[in-house]
Amino acid sequence: MSELTQKVSGQPIVVDQAVGPWKEAWRSFKKSKSALAGTFIVVFFVLLAIVGPLFVPQAINEQNFSMRLQAPSSQFWFGTDDFGRDIFSRIVHGARLSLTVGFFAVIFSAVIGSFLGIISGYYGKWIDTIISRFFDIMLAFPSILLAIAVVSILGPSLQNALIAIAIINVPNFGRLIRSKVLSVKQEEYVMAARAIGMSDARILWRHILPNSMIPVIVQGTLSIATAIIEAAALGFLGLGAEAPQPEWGKMLADSRQYLMTAPWTLIFPGLAIMLTVLGFNLMGDGLRDALDPKMKS
Amino acid sequence: MRNKKWLLGLFLTVILSLVLAACSEDDATTEGTDTGSKDSASEEETPQVLVFGRGGDSVSLDPAIVTDGESYKVTENIFETLLSFGDEDTTINPGLAKEWTVSEDGLTYTFELQEGVKFHDGTDFNAEAVVFNFERWTNGEAGEFPYYESMFTVGGEDVIASVEASGDYTVVFTLTRAQAPFLKNIAMSPFAIASPTAVEAAGETFGDNPVGTGPFKFVEWKRNDSITLAKNEEYWQEGLPKLDQLIIKVYPDNSARLNALVKGEIDLADGINPSDAESITSNADLQLIERPSMNVGYLGLTSTRKPFDNVLVRQAVNYAIDKKAIVDAFYQGYADVAVNPMPSSISGYNEEITGYEYDPEKAKALLAEAGYNGDEIELWAMPVARPYMPDGQKIAEAIQGYLEAVGIPSKITTYEWATYLEKATNGEADAFLLGWTGDNGDADNFLYTLLGSANIGSNNYSYYKNEEVDTLLTQAQTETDEEKRNGLYKQAQAIIFEEAPWAPIAHSTPLLAGKANVKGYLPHPTGSESLQNVYFE
Amino acid sequence: MVNQKKILEINELETSFFSDDGKIAAVDHVNFDLHEGEILAIVGESGCGKSVTSLSIMGLVPSPPGKITNGEILLQGKDISKFSEKEMRKIRGNDIAMIFQEPMTSLNPLFTIGNQISEAILIHNKSWSKKQVRERAVEMLRLVGLPRAEELLNEYPHQLSGGMRQRVMIAMALVCNPKVLIADEPTTALDVTIQAQILKLIRELNDKFNTAVLMITHDLGVVAETCQRVIVMYAGQVVEEATVQEIFKNPKHPYTKGLIQSVPDMRYKKESLYSIPGNVPKPGSVKVGCRFAQRCEFATDRCLTENPALYELSSSHKSRCFLVEEEGGSVNGKESLVESK
Amino acid sequence: MEKKVLLKVSNLKKHFQIRSGMLGKESGSVKAVDDVSFEVFEGETLGIVGESGCGKSTTGKTLMRLIEPTDGTIEFDGKNITTLSKKEMRKARRDIQMVFQDPYASLNPRHKIRKILEEPLIVHGIGNAKERAEKVEKYLNIVGLSSYHADRYPHQFSGGQRQRIGIARALMTNPKLIIADEPVSALDVSIQAQVLNLMKELQEDLKLTYIFIAHDLGVVRHISNRVGVMYLGRMVELAQSESLYEEPLHPYTKALLSAVPIPDPDFAREQIILQGDIPSPSNPPTGCAFNTRCPYATQSCREQNPTLQEVKPGHFVACHLYEQVKQ
Amino acid sequence: MLNYIGKRVLQLIPVLLGMSFIVFLIIRAIPGNPAQVILGQKATQESIAALEEKLGLNNPWYVQYFDYLKGLFTGDLGESLRTSQPISSEIWPYLAATIELAVFAMIIAIIVGVNAGIISAWFQNSWFDYVAMVIALIGVSMPIFWLGLIEQWVFSLNLDWLPTSGREDVRNPISPITNFYLIDTLIQGRFDQFGIVIKHLILPGVALATIPTAIIARMTRSSMLEVMRSDYVRTARAKGQKMFLVVYKHALKNALIPVLTVIGLQTGLLLGGAILTETIFSWPGIGRYIYEAIGYRDYTVIQSGILVVAFIFVMINLIVDLLYTVIDKRIKYS
């Protein structure tokens, strides 16, 4: 037998390092140009959100009526709005708001959704029925209307918009996790874990959860993208950020009347939303390909 | 195989429709321009069709049961009242009543009606019809005819004791108490005379099939979209109306409405943003129309809440805000800086009061004197555009900046409009933006309604209560001598100025815009007017 | 047998896959002939290149990343590896037909059996009437031993068992009387009793129509029961070619020997099976020397540095091993021709 | 010599319910395992063969109660494990371990080999960290891998190596019985031989008892002492492997054996080619399940289900043909 | 099959019931009083109280709920609190407007998306594939309210090709029959108006179609790529079938199933979620109708409106499920 072992190890193909699934994923992620581009955009906006405000030329809420609606120039890169505020500075600050909303809304909905989904998928039976019906109901709601209703209850503010977005995204995560748990439950390594005498709780924690979480990461990244759009949409309807917060959707809504006269007030906030969302979408796609090639939209 | 056919079918249908669209597009454009040029050529033969764009749909076309201005914009053209306002002011003019007399004690009013007037359904207009309408309103269930209740009941008691026909064309009103603005009230849109036959026949659905005596007949209502009216060929005023058809179309979004106007899809548009005024005046195809101001936009300071329970703080706020700058920036100058709670065009306006000038230093001093501790206040901003305040959010942002400058930190808070009103009614706001558009151009409709303590929990949002003011205002209600009455109002305004329950901001000039060839349009300060004199040049 | 007409000649075929790591030859200079009417087996373990060989013949190597990078495939003397896609379409299903391993997934689940067979007929016989097509389809289904042929035409694949589906696949493949039938692991997914049915059918059809069959399989039992000649592939190369008798009675290549010995024979119980140590190398991983050297008990230094040629022992037996050279095998035939080019 | 019975299975049944209709009423059942009884002696290998859908895998999983049996008893080491609580059953699994068919799917792709192998020890509270690490290395060596392999992930191994890991995992708790469910069917022939040899060596060294489930009759003969043949959820024949392969009694066994291709071109035999397909287990024929394909089927075969009877010493068969002989 | 449909419809009942209950609770949790809103800023306390009583708003909530449910079971969606119109008759023009727009958008999305996806998959890694997929990614990242504004700015205001908003030419109004204007104009033989309706549909239709197009294209591509690798596609090619037919016949039909799910889902979303587009383009649709009703606290309209939208949403899902069986005979519902 030792001879055999030697033969085996004598193979020319010996990968001497432990290449874990994460490393493997990173490798394939790195290969994708679009994923890298997405990451670059995301990192750029994250950095912008963190350190950008320290460097912007003008205090964002400083009103200067003599400088209203100035076209982009070397002084005001993206022009000024109807308060004479520098749009560039406001967009930089707005990155912080949009990213915060996107990120936390997704964290909340992912945590709650995963919790419900795991319970539903793992325990099944009547709990599953109840939770699944609940998800059905939530999904049958036109989500934007639901968000509007939630904001109407809580009062319009960025924080409440965040809560509304978190709520409408719960069933998406819940369903995803539930189906993933159901499929992981059928995997042979779970059967194998039971065969060695492992308890259900341990199987859930050690085997089912880690393997079910991958789609959550992917979905989470993609959901940040949609959450940012949803926050902007609520802001656009006047149900999101409060004045004078430089939230991008609100900036768009505030500048609608200048579509003809001062289009820069609309173009730049819109571009900022689109780019950020694009970044997260690209990154999410890359993550999906790297982590979970089988997963589909 | 079957599958393929299905796909092919779908494909062909779509291609076909696109081709059709492409072909007919050309037709449409040429036709469109044709009609356009004919319209502007104002030839006698071609029908004159005017499209009026506005922000919201009517609730109902029965003027008696509604309270919203959008409904009156339409009903003014279908119905007429016994008396009518002047073209651009609230002076009393004959309407369906050609003459009227008032008794000495102010308790009996006799109206002589126009003869030969017919409702659109052919019913004769006469004294019986007037009596029928007033009886309908008097006998209505609580809440059914809200305006009738609010204008003709005082303290739960009916003002109108009886309405009787003393001849085919004579109507006599008997009041329980004198009411100074009675004639102005009678002229208000809600008290338009409807066809008794139609009301009885339609019952609850009268609001869908309105029948009046007005210059236009109702044709069609596509809810949330458009209402079409046609010329009343039998209209009793000779030569009117000049238009053949009137289409009132909803564009909820201000920008969308303006775009439609620019594109020639509509001829008249209300709710124009002051910021767009410049682009309209510089466009030769368009004209900017200013509606005479009869409103006030103000920053209410709830006098039951800290820190505004202190008059010094309220005054300080008044000093802190540069109202002129706000008017210039957000009304684009299409407003007067407000000093008093009512606009200067209303009789009884106190011209001696010049208002608080912009003086941040003085504001700081007052705050120091008041011992204001620098607590953050909530500054409420309305979420929707109102005629008296085109953009509450932005004005709030500006005010926030001014308050900050004198050391009052504030947080801008917004609720949905319905919630906003309710919460403000409950006195939950520290400082809030609101406003008022007059109904009948009477001082009572501003001062008593907005600042009388009886209206706390209703329109007195700032919870202002001053016994002296209350006494002056109730006295004025029954005082029929115009001079004396104005004196009372001037006194009240002086006290209100000192007490500063509000920081009045502006009396805006609501803007409309129209195609340059639209003539004869005279916007009315109340916001609703008949378009009978409008024509295309 | 050797004198029989060659219907298909594979000369120096190299099919490579391109990835970020460069080019990897999955089929590495493979030579063999297929004669009229014979059943030739290509046997080997997973990853040896046997399936890629068959796809190369069909011109169905997934591209990208795969591509035929060298050699020729002569069908009755014409090099079809150089054919355009359009020309190739006329060959496929008409001159060369193919059946696959998974009868469950090889039939389109959304079309009826009749639709799929008719399609195969119509592609190459465009002028046929509906009735002709239908009759031919029924005839073929009967031929492969399917009952209720008429009704089957309106049924969907999922209504059939695995064995029946494989029969349908065979019927579909033979519908245009091809000269060559490539059967890629046709029974691997089937149960033993069904496998016996299908193998019997293939033998019968081969007899009846004289269709040459290229049988790709990993199962030596299947080889022994159905084939006349055998090609053994290992890591992309042909390592041995012989008649079925020779392969089993007198295997020359150590890999072939090992392979045969590692099969547990149902007839006997051995104390311990012979096992070839180590693993099948990944394609492209062995750069120098004999590809089997790492696992070969006879391996010498020469084996580690030099790649042996396919030595010919007799006209019907070739083996890629230096031991054969020592036994007197010589290099000739195509290989020598091509190499001398 | 009386051999010790390690596992005794009596009248084991597993019926999967099919629900349908509006309220999910039970409309039928798949009798995956239908009244199967057998014994496994200590130190032997019992092979269970059959075609797909015959219930051999379900039987294997039911023995460990990975699938709860519908009926019947399983006595392991003298103890009835069908009545154990879930918790007790988990403990009992220390002595019964399983090797799975798919070496790709049965190892958690996110765990390193060390973690995979340690897990059974942790679950059963065996040893401290150091002892566990030593044991992992020891068993890696035993199955022919090296200790440095412990820090790799499953996807870095070939199929044969993974199956060695699967076997190592099964051995970690020193079980008495190993149920191997098609352990070599996913492997290439040359690798298959390695794994089979390994299993045989381990059996001798560690005194293991195997239940070896497979569809390949050659493999089963090679490794088993006794062999059971299953068809449609039933055990149709059970005998010493020599006896079964040399003198199969049941017509199905005969046909099955004759259908196996023999890697010998000179081997001549009369093949019995069965007609038709295996019936669906959700709708099995009445009487003997094999009667639809059996060349000898009689009226009684269509009506009555034969029971498994010992017709020769140690040779059991469920067929009406032999019942009559015996009587 | 009928049995299955019946079962599915039965299953809808708890979902719709649960939904009506949740909607009921949510909207009553929204502060603000419908009577106040109806009467407006100028109302008195008395008239508000009187109106509340008239509308039944002073009953306990469960009484209101059961009254509402009772109405629902007799097919009565209630009356709008604001306009006193029966919702069942009031809602249709809005719904029809939205359906027309959504269907128009989905037709664009399906034709463009499916074909782009197919071609991208067929010529994987070609320039077309790259360009199409980059566009698709930008498409899914697009805030459509912004896109709508930019569309108006470019195509309507600057280029003057298309109308800015609305469904019809105001001066040349369409007399509604079905309220689907494309159909109405055809019935009436008004081809000039048909063209006008199409022109009005283009801008909002394209804005609305952007995201579904992108999603469908991506979905079709990945689904096609998977199918193209399948054995039966290889079989079809081995028969000598033309690549075009292999792709559009064999592969597409199989690839369509996941795409169908997306199409169904997106259609459902468009029907309820087009509020922003409807606002920007002044489209008198159901989304805006409900949104405005929230503003007016018109409880019955919100309740019934959302229920109707949800009902359509679940019906679309049901139809999609049934379509599966048409496409894929393996799927049997019983």
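For the numbers below, each heavy atom of this structure counts, side chains included, while hydrogens, waters and symmetry mates do not.
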Which one of D:His124, D:Lys87, D:Arg65, D:Met98 has the most heavy-atom pairs closer than 4.5 Å to chain A? D:His124
For chain A, find which of D:Val123, D:Asn108, D:Ile122 contributes the most heavy-atom pairs closer than 4.5 angstrom. D:Asn108
Interchain contact, [X] with chain A, by part (heavy-atom threshold 4.5 Å):
X	answer
D:Lys91	neither
D:Ile96	backbone
D:Leu66	both
D:Lys86	side chain

Polar contact flag, side-chain donor to acceptor under 3.5 angstrom, D:Glu88-D:Ser85: yes
Between D:Thr82 and D:Asn80, a side-chain donor and acceptor under 3.5 Å: yes
What part of A:Arg202 is in contact with chain D, defined as an atom under 4.5 angstrom from a non-hydrogen atom: side chain, backbone, both or neither? side chain
Worked verdict on D:Asp77 versus D:Lys79 for side chain to side chain contact (heavy atoms under 4.5 Å, CB included): CA-CA 6 Å; D:Asp77 220 1; D:Lys79 199 163 61 176; 5.5 Å; no
Partners of A:Phe104 by ring pair (Phe, Tyr, Trp, His ring centres under 6.0 Å), sequence neighbours excluded? none
Dump the intermediate steps for ring pair (Phe, Tyr, Trp, His ring centres under 6.0 Å) on D:His149 and D:Phe157, then the final yes or no. CA-CA 9 Å; D:His149 285 121; D:Phe157 292 90; 5.3 Å; yes
Pairwise side chain to side chain donor-acceptor pair (under 3.5 Å) hits with a residue in residues 98-122 of chain A, at least two apart: A:Ser120-A:Asp128, A:Ser120-A:Arg178
